[in-house]
J.: 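First the structure, which I've put down as structure tokens, then a few questions once you've had a look.
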2 protein chains.
Amino acid sequence: MAIPASHPLPAVPASPAVISIRALKTHCSNCSVRELCLPVGLEQDALQQLDQLVTNRVRLKKGEVLYRAGDPFSALYAIRTGSCKTTVLAENGHEQVAGYHMLGDMIGMDGIGTDRHGSQAVALEDSEYCVLPFDRLDELARSIEPLRRNLYQFLSREISRDHSVMLLLGSMRAEERLAAFLLNLSQRYRERGYSSTEFVLRMSREEIGSYIGLKLETVSRLFSRFQAEGLIRVQGRAVKLLDIPTLKQLIGQRC
Amino acid sequence: MAIPASHPLPAVPASPAVISIRALKTHCSNCSVRELCLPVGLEQDALQQLDQLVTNRVRLKKGEVLYRAGDPFSALYAIRTGSCKTTVLAENGHEQVAGYHMLGDMIGMDGIGTDRHGSQAVALEDSEYCVLPFDRLDELARSIEPLRRNLYQFLSREISRDHSVMLLLGSMRAEERLAAFLLNLSQRYRERGYSSTEFVLRMSREEIGSYIGLKLETVSRLFSRFQAEGLIRVQGRAVKLLDIPTLKQLIGQRC
DNA sequence: CGACTAGTTGAGGCCAGTCAATGTTGGTGG
DNA sequence: CCACCAACATTGACTGGCCTCAACTAGTCG
């Protein structure tokens with residue numbers, strides 16, 4: 001796997017923060033997250049065809065918006081570096097975090113059906129996205145079976161992921177929610193070759209709360225309590241998981 | 001079958017409740033929900049090709065299981081008549097209703113990515129399902145653009161639907177949840193040509209509660225309260241919406 | 001250094017959960 | 001047809017977990 005193991009992100013080569021970067025040496029074929037992303041399992045020549053499709057990349061600074069709810073849908077986005085949140089808007093104006101995405105993740109899939117994005121994506125840190133024009137991706141997927149399979153998988157996995165969140169929101173108590181949130185992050189960092197016990201949260205207490213259905217004060221209190229109980233160590237947004245077994249027990253114990 | 005209402009479904013010809021029915025006069029081309037289901041927008045010959053794919057249908061009695069979590073995934077299912085719920089299972093054994101599906105809906109899509117069903121589907125009444133073998137559906141979709149588009153749409157719409165549920169579970173108060181639940185049903189019945197103000201719930205109070213993140217007692221109390229306030233009339237599982245504007249206001253008013 | 005945002009902590013209230021008793025409905029078999 | 005039973009539903013009393021409101025602290029950036 002790519003990525004130097006322990007943690008920090010591999011330094012992104014300095015480059016002008018321009019929207020469209022062509023002929024940059026970043027291709028799917030040598031991308032650090034190719035094993036997690038759309039290219040996984042593709043043959044060499046399929047990879048090259050995919051490379052030709054991904055000619056645009058977008059760089060965002062923290063807080064910048066990739067797309068808004070209601071924007072015309074034209075492409076999916078694969079996260080190359082960094083992380084972002086997706087939020088959904090209720091008719092009454094309430095905004096809620098629906099996803100916390102990191103490198104290798106694909107976002108924008110809820111827009112396919114309606115030709116409009118159904119959610120909003122906001123960078124949680126400086127980050128880079130591969131633009132996958134959907135029409136061309138679809139066209140390419142027609143002929144490349146593994147690519148088509150991967151596309152289905154991303155769509156389907158998003159559904160499963162949402163089901164997990166529904167489970168969390170619908171039946172867990174506050175401490176279970178936070179434990180599940182932390183363990184989920186831990187696993188995803190591990191899958192990406194980072195430390196699974198020590199990482200930096202890219203969301204505020206309020207955003208975390210919005211994601212897991214709690215108020216920010218409750219999130220803060222729980223962080224404090226988990227720390228007091230020796231389960232984690234928190235320093236602002238830096239978290240270290242100290243007692244993963246007990247955290248797991250927290251979410252596995254109730255009927 | 002539910003509710004005669006404005007333009008009821010054409011009576012399904014009586015037929016033996018056998019699992020696999022071939023050469024029955026039920027085809028996509030003359031199915032009553034074709035405008036809501038996979039065939040929507042398809043040309044005549046595309047329709048016929050789809051017909052050839054859907055050779056199996058499954059009939060379930062109330063309470064019977066279509067698939068279980070962990071079952072090998074091989075097909076999607078389109079609901080021809082009746083309704084079912086899908087449930088997801090947490091690692092700790094807790095089971096939660098994740099979806100309430102009715103005719104025209106497609107289910108099983110969370111199984112594509114893992115080759116295993118991620119949820120369980122249980123009939124809420126006697127109901128009938130078209131079996132869509134996924135490999136063959138995929139093959140057919142390769143060549144029929146509108147079919148492929150529809151497939152994407154179903155996947156994408158499922159994601160959007162889940163986001164709505166997350167919004168409901170994450171930020172609404174009990175009365176808002178029930179109002180949203182009822183209004184959602186109302187709209188879906190309307191789309192299907194049934195009465196949007198008068199219908200029979202196919203789920204118990206407990207199942208409804210599981211779906212919208214409340215306990216059954218709370219659901220029951222809310223039904224009683226809505227009735228006392230003149231918003232609805234409830235008689236067991238038969239519901240009549242009396243004051244839709246106020247119900248809408250209930251979910252549209254909070255920030 | 002001051003304004004601002006993010007985070008922590010405390011006190012109190014309320015909404016929904018829990019526990020429990022009772023009523024209702026629908027299916028089954030005598 | 002009706003008695004019976006089990007599952008479902010209703011209602012009340014009480015509890016408690018999370019929210020609300022509020023004060024305070026710690027960083028951050030001009």
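Throughout, a chain's letter reflects where its sequence line sits, starting with A, and its residues are numbered from 1.
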J.: Report the residue (Lys215(A) or Gln235(A)) whose heavy-atom-nearest nucleotide on DNA chain D is the more 5′ of the two.
T.: Lys215(A)

J.: What is the separation between atom CZ on Phe223(A) and atom P on dT25(D), rounded to the nearest whole Å?
T.: 23 Å

J.: Is any side-chain N or O of Ser204(B) closer than 4.0 Å to OP1 or OP2 of dA7(D)?
T.: no

J.: What's the CZ-P distance between Phe226(B) and dT10(D), to the nearest Å?
T.: 14 Å

J.: Among dA6(C), dT8(C), dG10(C), which is the nearest nucleotide to the side chain of Leu216(A)?
T.: dT8(C)

J.: Name the nucleic acid region contacted by Ser220(B), choosing base, sugar-phosphate or nothing; use a 4.0 angstrom heavy-atom cut-off, strictly under.
T.: base

J.: Thinking salt bridges, do Glu191(B) and Arg188(B) make one under a 4.0 Å N-O criterion?
T.: no

J.: Return the nearest nucleotide to the side chain of Thr218(B); candidates are dA16(C), dT9(C), dT10(D).
T.: dA16(C)

J.: Let's see if you can work this out: which of dC18(D), dC8(D), dC19(D) has an atom nearest to the side-chain heavy atoms of Arg221(A)?
T.: dC19(D)

J.: May I ask you to check whether Tyr194(B) and Ser196(B) show a side-chain donor-acceptor distance below 3.5 Å?
T.: no

J.: What's the closest nucleotide to the Arg173(A) side chain, out of dC21(D), dT10(D), dC18(D)?
T.: dC18(D)

J.: Give the rounded distance in Å between these two atoms: CZ of Arg205(B) and P of dG17(C).
T.: 16 Å

J.: Looking at Asp105(B) and Arg192(B), is any side-chain nitrogen of the basic one under 4.0 Å from a carboxylate oxygen of the acidic one?
T.: yes

J.: Taking only the side-chain heavy atoms of Arg237(A) (C-beta and beyond), determine which of dC8(D), dA16(C), dA6(C) contains the nearest atom.
T.: dA6(C)

J.: Output the rounded distance in Å from CD (Glu206(B)) to P (dT18(C)).
T.: 12 Å

J.: I need the CD-P distance between Glu207(B) and dC8(D), as an integer number of Å.
T.: 8 Å

J.: Mind listing the closest non-hydrogen atom pair of Val88(B) and Ser119(B) along with its distance?
T.: CG1-CB, 3.9 Å

J.: Let me know the distance between CD1 of Ile208(A) and P of dA6(C), rounded to the nearest Å.
T.: 13 Å

J.: Out of dG7(C), dC18(D), dT10(D), which has the shortest distance to the side chain of Leu214(A)?
T.: dC18(D)

J.: Centre-to-centre under 6.0 Å for Tyr67(B) and Tyr77(B), is that the case here?
T.: yes

J.: Look at the side chain of Glu217(A) against the base of dC18(D) and say whether a donor-acceptor pair falls under 3.5 Å; ignore hydrogens and angles.
T.: no

J.: In whole angstroms, how far is the P atom of dC19(D) from the CD1 atom of Ile212(A)?
T.: 10 Å

J.: Check the distance between dC18(D)'s C1' and Met172(A)'s CE and give it to me in whole angstrom.
T.: 17 Å

J.: So what does Gly213(B) touch, heavy atoms closer than 4.0 Å: a base, only the sugar-phosphate, or nothing?
T.: sugar-phosphate

